[in-house]
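What follows is a short report on a single structure.
In what follows, chains are A, B, ... by sequence order, proteins preceding strands, each numbered from 1.
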Protein chains: 2
Amino acid sequence: MSAPDTLRDGNASTRIADGLREAILRGEYLPGDRIIQEDLSARYGGSRIPVREALRQLESDGLVRLVANTGAWVASLSMAECSEVYQTRERLEPLLLRFSAEHLTTETLATLDRLAHQMEDAPGVEEFLELDRRFHFATYDSFHTHTLGPLVTRLWNTTQPYRRAYTTLVGSRNRRIFHDEHHMLVTALYDGDLELAEQILALHIRRTRLHLERHPELFDPTTPPH
Amino acid sequence: MSAPDTLRDGNASTRIADGLREAILRGEYLPGDRIIQEDLSARYGGSRIPVREALRQLESDGLVRLVANTGAWVASLSMAECSEVYQTRERLEPLLLRFSAEHLTTETLATLDRLAHQMEDAPGVEEFLELDRRFHFATYDSFHTHTLGPLVTRLWNTTQPYRRAYTTLVGSRNRRIFHDEHHMLVTALYDGDLELAEQILALHIRRTRLHLERHPELFDPTTPPH
DNA sequence: CTACACCAGATTGTATCCAATGTCACGAAA
DNA sequence: TTTCGTGACATTGGATACAATCTGGTGTAG
């Protein structure tokens, strides 16, 4: 999904921010991990100046927590905070889906169907997560948004570590209903029934949240003081 | 609402970001205005390093647009983009209202009622905008949120210049329905009817959007390439 | 044994300097 | 007159160096 650590944009801060974001999403850094500026300088090249700009960016993205004169940590969520993100998604993503579905092409629909089936055979956690993300974002990509798209991406990103932990924990048990919901969503989109598609998506997100809430042990026990 | 330009947080970047954010919200900078790093250094003190970090922060907040090796501008919205923000708010704020309303105190309700009445006598545009913001955020403040509150603040911030322009343009005409909606909201909260409160709020935001959409001349005519 | 003060090392925050890049005005050619 | 190239200037991007601050361990007093 992303180029290697070579130059890809004009400036170093963007490159570092992108690289670190991907690393966090890949699970290379875990919630609560300390981030040392110098380490990032060494890893991505360059001095600490662009590293610091990158950290500011990621802080606004909700992936990093900065404390003045003290340091940076990979953001962690309490269960209540994670639930909040999911409830937010439950309201936002159906809207984005509606915007996007109005411009869906036949090719995209075919892709969605293919992804939904591929997921059923996903061998491991990483493949499953990756395909799930690609599936949902494929339903959103047909509408170029200014606000909503980036917002939803952000919400996915901040909760990614917990989705990974949950998926790892429960293995491939109980995934049937998950796949069924995906197929139902594809069918509703085929039929052009946007109202139904919105409802299925909302329920899909809601059910996932309720499942996550059964595993408080995955989350940061304390709400950090901010 | 904010301290003057003196130190308020440990580091300069946060101070500069806060100062510039407030300045943009006050309308001191207009959408499309060029921002020169050196000017901010001079204005807020310090070198350009913390200024650049502040600009990255505000870029992630959607208030500033950065182009590599070229410069920074105060973000501007096309009408479609502004509408998108309002449609997003229409889905998000009722949820936040619901969360918050569960913890509303009698004092807060009294404050809301007072603010709603004060707004009717607001002498100028700035007072009106300020009171409107304080009213709505007072309905949200009873619930300490991790994601939703900051998100809503962000959406308010990015559209603030256009609310100001619209309010200035139409003067105090047609404000009656606006005030009525506020009073209806207060009443619904008094009655503890959250369902009704959510609906009133959604309609309030929706109607505002439709009014804004009658004035395309307020917005950036071109969707900037990003 | 615990609590606290203090100091050394580690890490972050910022200023200055220089390099890289883009902008804009000017002038020459079509 | 318009278009295109060119070069000086303005502005941004980044590296190094240093100052400020925090952390964690050690030793001392209670």
Side-chain angles (χ1 to χ4, degrees), chain A residues 3 5-21 23-24 29-30 32-61 63-76 222 224-226, chain B residues 3 5-21 23-24 29-30 32-61 63-76 222 224-226:
Chain A
D5 291 345
T6 61
L7 287 177
R8 104 181 58 165
D9 190 346
N11 56 10
S13 17
T14 307
R15 177 171 50 86
I16 296 171
D18 289 348
L20 181 54
R21 182 185 298 110
I24 292 174
Y29 297 83
L30 295 179
D33 279 2
R34 174 81 185 268
I35 300 171
I36 303 290
Q37 296 177 0
E38 198 105 22
D39 294 350
L40 293 182
S41 303
R43 172 165 180 176
Y44 294 103
S47 78
R48 277 169 41 231
I49 301 289
V51 167
R52 292 167 53 89
E53 290 178 23
L55 289 175
R56 291 271 172 213
Q57 255 180 276
L58 294 181
E59 184 194 26
S60 288
D61 283 350
L63 285 175
V64 160
R65 199 165 68 93
L66 291 179
V67 179
N69 287 313
T70 304
W73 288 264
V74 177
S76 65
T222 65
H226 47 222
Chain B
D5 291 346
T6 61
L7 287 177
R8 106 180 60 162
D9 191 344
N11 57 9
S13 18
T14 307
R15 178 170 49 88
I16 295 171
D18 289 348
L20 180 55
R21 182 185 298 111
I24 292 174
Y29 297 83
L30 295 179
D33 279 1
R34 174 80 185 269
I35 300 171
I36 304 290
Q37 295 178 1
E38 197 104 23
D39 294 350
L40 293 182
S41 303
R43 172 165 179 173
Y44 295 102
S47 78
R48 277 170 39 231
I49 300 289
V51 168
R52 290 172 46 181
E53 290 178 23
L55 289 175
R56 290 272 171 213
Q57 253 181 278
L58 294 181
E59 184 194 27
S60 289
D61 284 350
L63 285 175
V64 160
R65 199 165 67 94
L66 290 179
V67 180
N69 288 314
T70 304
W73 288 263
V74 177
S76 65
T222 65
H226 47 220

Does a distance-only test, which skips hydrogens and angles, find a donor-acceptor pair under 3.5 Å between the side chain of B:Arg52 and the base of D:dG14?
->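 Answer yes: a donor N or O sits under 3.5 Å from an acceptor.
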[X], nearest nucleotide to its side chain (from [options]):
X	options	value
B:Asn11	D:dT16, C:dG13, C:dT21	C:dG13
B:Gln37	D:dT12, C:dT12, D:dG14	D:dT12
B:Asn69	D:dA17, D:dG13, C:dT11	D:dG13
A:Arg48	D:dG13, D:dA17, C:dT11	D:dA17
B:Pro50	C:dG13, C:dT14, D:dG13	C:dT14
B:Ser47	C:dT12, D:dA15, C:dA15	C:dA15

Indicate, with a heavy-atom threshold strictly under 4.0 Å, whether B:Leu55 touches base, sugar-phosphate, or nothing.
->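 Counting heavy atoms under 4.0 Å across all strands, no contact is made by B:Leu55.
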Answer with base, sugar-phosphate or nothing: what part of the nucleic acid does A:Ile35 contact at a heavy-atom distance below 4.0 Å?
->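 The answer is sugar-phosphate, as A:Ile35 gets under 4.0 Å only of primed atoms, P, OP1 or OP2.
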Just how far, in rounded Å, is [atom2] of [N] from [atom1] of [X]?
X	N	atom1	atom2	result
A:Glu38	D:dA17	CD	C1'	13 Å
A:Ile36	C:dG9	CD1	C1'	13 Å
B:Leu66	D:dT12	CG	P	10 Å
A:Tyr44	D:dG14	OH	P	16 Å
A:Ile49	C:dC18	CD1	P	16 Å

Position toward the 5' end of DNA chain D (nearest nucleotide), B:Arg56 or A:Thr70 = B:Arg56
Return the 5'-most residue of the pair A:Trp73, A:Glu53 with respect to DNA chain D, ranking by each residue's nearest nucleotide.
-> A:Glu53
Any donor-acceptor pair under 3.5 Å linking the side chain of [X] with the backbone of [Y]?
X	Y	value
A:Arg56	A:Leu66	no
B:Thr70	B:Ala68	yes
B:Tyr44	B:Gly19	yes
A:Arg65	A:Gly71	no

Among B:Leu63, B:Asp33, B:Val64, B:Leu30, find the one that has a side-chain contact (heavy atoms from CB on, under 4.5 Å) with B:Val74.
-> B:Asp33
